[in-house]
Protein chains: 4
Amino acid sequence: MVRGQRTAETGAERGTVPERLLGAATRLFAEKGFESTSVQEVVAAAGVTKGAMYHYFGSKDDLLHEIYARVLRMQTDHLVEISSREEPVAERVHAAAADVIVTSIANLDDTKIFFRSMHQLAPEKQRSVRAERRKYHELFRAMIGQGQSEGVFRDDVPAELVVDYFFGSVHHLGTWYRSQGALSGTDVGRHFADLLLAGLRPGV
Amino acid sequence: MVRGQRTAETGAERGTVPERLLGAATRLFAEKGFESTSVQEVVAAAGVTKGAMYHYFGSKDDLLHEIYARVLRMQTDHLVEISSREEPVAERVHAAAADVIVTSIANLDDTKIFFRSMHQLAPEKQRSVRAERRKYHELFRAMIGQGQSEGVFRDDVPAELVVDYFFGSVHHLGTWYRSQGALSGTDVGRHFADLLLAGLRPGV
Amino acid sequence: MVRGQRTAETGAERGTVPERLLGAATRLFAEKGFESTSVQEVVAAAGVTKGAMYHYFGSKDDLLHEIYARVLRMQTDHLVEISSREEPVAERVHAAAADVIVTSIANLDDTKIFFRSMHQLAPEKQRSVRAERRKYHELFRAMIGQGQSEGVFRDDVPAELVVDYFFGSVHHLGTWYRSQGALSGTDVGRHFADLLLAGLRPGV
Amino acid sequence: MVRGQRTAETGAERGTVPERLLGAATRLFAEKGFESTSVQEVVAAAGVTKGAMYHYFGSKDDLLHEIYARVLRMQTDHLVEISSREEPVAERVHAAAADVIVTSIANLDDTKIFFRSMHQLAPEKQRSVRAERRKYHELFRAMIGQGQSEGVFRDDVPAELVVDYFFGSVHHLGTWYRSQGALSGTDVGRHFADLLLAGLRPGV
DNA sequence: TATGAATGAGGCTTCATTCAT
DNA sequence: CATGAATGAAGCCTCATTCAT
């Protein structure tokens with residue numbers, strides 16, 4: 001009955017209980033979808049009991065929310081740093097676009113879950129995630145807008161729409177990207193950022 | 001207890017039973033997700049009994065599969081027609097890109113369901129949908145490839161990746177597009193096709 | 001797997017499914033209390049599956065509510081009949097008081113449940129039961145009031161309070177009455193009605 | 001992390017830990033019922049941790065038992081004092097009847113719990129409470145019996161039954177009495193004692 | 001064709017209690 | 001004395017599907 005927090009009885013026993021739970025949940029939600037993964041499966045994969053899970057997370061929903069918060073935090077931090085660099089706006093947009101692709105691929109499970117299961121969140125948690133996401137979106141849009149004001153980017157397409165256009169490719173990564181494929185995350189990031197920037201060059 | 005198939009007892013009673021079921025299912029799956037919608041809710045919304053549903057569809061899964069088949073059929077038909085036009089490849093790609101956006105917006109519920117719930121389909125049905133989808137994808141990729149061979153498009157980005165890049169924006173439409181917004185489906189289609197084509201112009 | 005609705009595989013298999021469920025629930029709720037009786041125990045005692053129970057009753061709460069409705073209906077019917085008789089008010093009050101005791105003893109399980117578990121009902125159902133109960137209460141109070149107006153009953157005690165006073169003994173029956181005891185329901189009814197009526201005689 | 005037993009960090013922090021626990025439990029059990037109140041809620045309301053509760057009380061059941069013991073002790077003390085007064089038996093019965101009403105109203109939460117949740121107690125504790133209750137009951141019955149022997153009370157109703165009759169009104173108080181109402185505990189006590197005594201006057 | 005009662009497995013969550021610290 | 005993480009059993013309920021009529 002001894003169950004230390006760091007023993008390695010099964011392969012899953014690494015880190016603290018909440019960490020193990022989040023890890024297992026991320027893997028399973030990405031693999032089978034949130035609704036098709038039972039709490040039982042999550043706790044089994046984490047090598048923990050159901051009671052322990054409900055000690056740390058209020059609900060299955062909470063687990064999902066926590067996964068979202070983690071990704072959002074990281075990506076927003078990156079964007080804040082990039083957008084405040086002392087560089088021409090085109091370079092910052094290119095860096096930001098490449099970064100969101102690279103980090104999304106590095107955390108592909110989170111990305112899959114993010115776009116596939118957000119609508120399953122309880123309304124109030126959904127609102128909080130959306131608000132956080134909007135902040136990210138807004139920072140990106142502002143850079144596009146600046147480029148348009150400076151005449152570096154074409155301005156016949158609303159900046160808002162450019163963001164929706166580009167974030168589709170982020171959204172989509174989970175559908176097609178395979179880590180065993182020929183392209184690394186950095187490759188994809190560079191190509192996609194190139195396609196975006198080229199698309200934004202002022203017209204013929 | 002007599003209940004004709006075409007009477008109009010409730011607002012939901014339009015069309016044949018299978019049509020009503022597909023309509024109700026589409027609306028509900030888009031609104032609440034496939035897993036969170038019960039068969040009971042679907043048949044109630046369609047003004048039909050459970051027995052009737054199982055008479056026409058083998059399972060809940062079948063309903064989802066049928067919805068997919070419907071969209072895929074339509075979009076593939078469009079693409080076949082466009083790609084076989086006697087026009088410069090750049091124009092055909094532009095038309096195809098705009099068309100997939102326009103039809104996806106016109107059938108936004110189907111689009112939401114398509115990208116959000118495909119992983120819930122039974123494996124064998126999932127394979128059949130993917131195969132069909134690959135055909136569409138392939139047709140599109142071939143046009144890009146042709147443009148690259150002709151020197152009309154840049155060729156430093158794999159054609160395959162261009163398709164993955166662009167189809168992200170289709171995927172994403174269900175997340176942000178609102179029919180009450182300022183932009184019509186045609187507007188968005190044109191803008192997105194423009195951004196794609198500009199992105200494909202051979203390098204500086 | 002054959003399970004007819006009227007076969008007698010176990011002792012519990014008599015009557016329709018809802019009847020069997022209500023019967024089992026009444027017995028168990030009275031014996032162990034509502035909160036301490038599991039749905040599993042109820043369906044097992046009724047010889048039915050959980051699914052069947054939820055086909056007929058929306059929740060465990062509903063089962064309780066249905067039991068209440070049954071008793072209330074019966075007792076209100078009785079009171080309506082008695083209070084409309086062409087008899088002196090004192091006789092009608094005596095008859096009503098004796099009747100509520102007799103019927104409460106005849107349905108002692110319902111009586112126990114009624115007073116012990118009503119507060120466990122969902123608020124809205126609780127309101128509906130209380131409203132129904134108030135009607136009964138009101139009819140009784142009106143008879144007391146009439147007796148006071150006619151000078152047949154003392155009027156130094158509010159009629160309302162007399163009802164609260166007397167219904168305590170009904171409430172209490174489930175706590176002490178045992179059917180194996182010396183007194184029949186009719187005996188108790190007569191004695192209690194006598195005590196009430198004597199208590200109401202105009203003062204010394 | 002230092003948390004003194006008598007500091008006033010929250011409103012709930014009054015008295016010793018066991019007192020606070022009993023106070024919180026009484027309030028909550030009366031409000032929501034014993035089974036519907038979790039130990040977690042009790043300790044939270046008392047501003048104490050679970051470990052602390054299990055330090056002072058062996059179980060949740062113990063808490064309930066302690067509440068019972070408290071009321072019983074007080075009411076028995078009162079009755080012993082009253083029944084041993086040097087007064088005519090009718091006056092003593094009147095005083096005892098009024099007193100049990102007054103003290104039950106003064107401790108309405110305990111009264112509610114007493115009659116509503118006793119059946120949830122573990123069997124052996126239930127027996128101990130019942131035995132104590134029987135003593136009270138017996139003292140009261142003896143006074144009635146004495147009055148009947150002396151010819152002061154009617155004797156066509158068993159003394160035992162008179163007690164069951166009257167204690168119903170005590171039982172019932174928790175159901176209808178509201179402290180904001182027009183009647184004080186003393187008012188109700190007087191009225192109920194009057195009704196009882198009048199009911200006991202020797203027959204016409 | 002269509003009904004709707006019934007199944008039975010499984011889902012999420014709660015909770016009293018224990019125990020190492 | 002006191003903590004609070006963890007247990008494990010049990011609770012209520014949902015649901016896709018079947019089948020006798």
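Reminder, nothing fancy here: chain letters follow the sequence lines and each chain counts from 1.
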- Task: With the side chain of C/Y56 defined as its heavy atoms from C-beta on, choose the nearest nucleotide among E/dA5, F/dA6, E/dT7.
- Result: E/dA5
- Round to the nearest Å and state the distance from C/L28 atom CG to F/dG11 atom P. 13 Å
- Task: In whole angstrom, give the distance that lies between atom CG of D/L63 and atom C1' of E/dA16.
- Result: 12 Å
- Message: A/F34 vs A/L63, test: side chain to side chain contact (heavy atoms under 4.5 Å, CB included). Steps then yes/no.
- Response: CA-CA 10 Å; A/F34 175 73; A/L63 220 37; 5.8 Å; no
- Spacing between B/R20 atom CZ and E/dT1 atom P, to the nearest angstrom: 14 Å
- Among side-chain atoms of C/T26 and C/R70, is any donor-acceptor pair under 3.5 angstrom? yes
- Compare every heavy atom of A/G174 with every heavy atom of A/K112, then report the nearest pair and how far apart it is. CE-O, 3.4 Å
- Please state how far atom CG in D/L121 lies from atom P in E/dA16, giving the value in whole angstrom units. 15 Å
- Please give, in whole Å, the distance from E/dA16 C1' to D/L64 CG? 15 Å
- Under the 3.5 Å Watson-Crick or G-U criterion, the dot-bracket string of DNA chain F, with | for inter-strand pairs: .||||||||||||||||||||
- Item | Residue pair B/Y56 / B/T16, side-chain heavy-atom distance below 4.5 Å | no
- Message: Any donor-acceptor pair under 3.5 Å linking the side-chain atoms of A/H65 with those of A/S59?
- Response: no
- N/O (side chain, A/H55) to phosphate O (OP1/OP2, F/dA5) under 4.0 Å: yes
What nitrogen or oxygen pairs link the protein and nucleotides 12-15 of chain F at under 3.5 Å?
residue : atom : partner : partner atom : Å
F/dC12  : OP1  : C/K60   : NZ           : 2.8
F/dC12  : OP2  : C/V39   : N            : 2.9
F/dC13  : OP2  : C/Y54   : OH           : 2.5
F/dC13  : OP2  : C/K60   : N            : 3.0
F/dC13  : O5'  : C/Y54   : OH           : 3.3
F/dC13  : N4   : C/K50   : NZ           : 2.9

- Write down the distance between CZ (D/F57) and C1' (F/dA2), rounded to a whole number of angstrom. 15 Å
- Charged N to carboxylate O below 4.0 Å: is that the case for C/D61 and C/K125? yes
- State, to 0.1 Å, how close B/L28 and B/T37 come at their nearest heavy-atom pair, and which atoms those are. O-OG1, 3.5 Å
- Message: Whole angstroms only, please: what is the CD-C1' distance between C/Q120 and F/dG11?
- Response: 14 Å
- Closest approach of B/Y68 to B/S117 (non-hydrogen atoms, all atoms of both residues): OH-C, 3.1 Å
- Is it true that C/E41 and C/K32 have a side-chain N and a carboxylate O under 4.0 angstrom from each other? yes
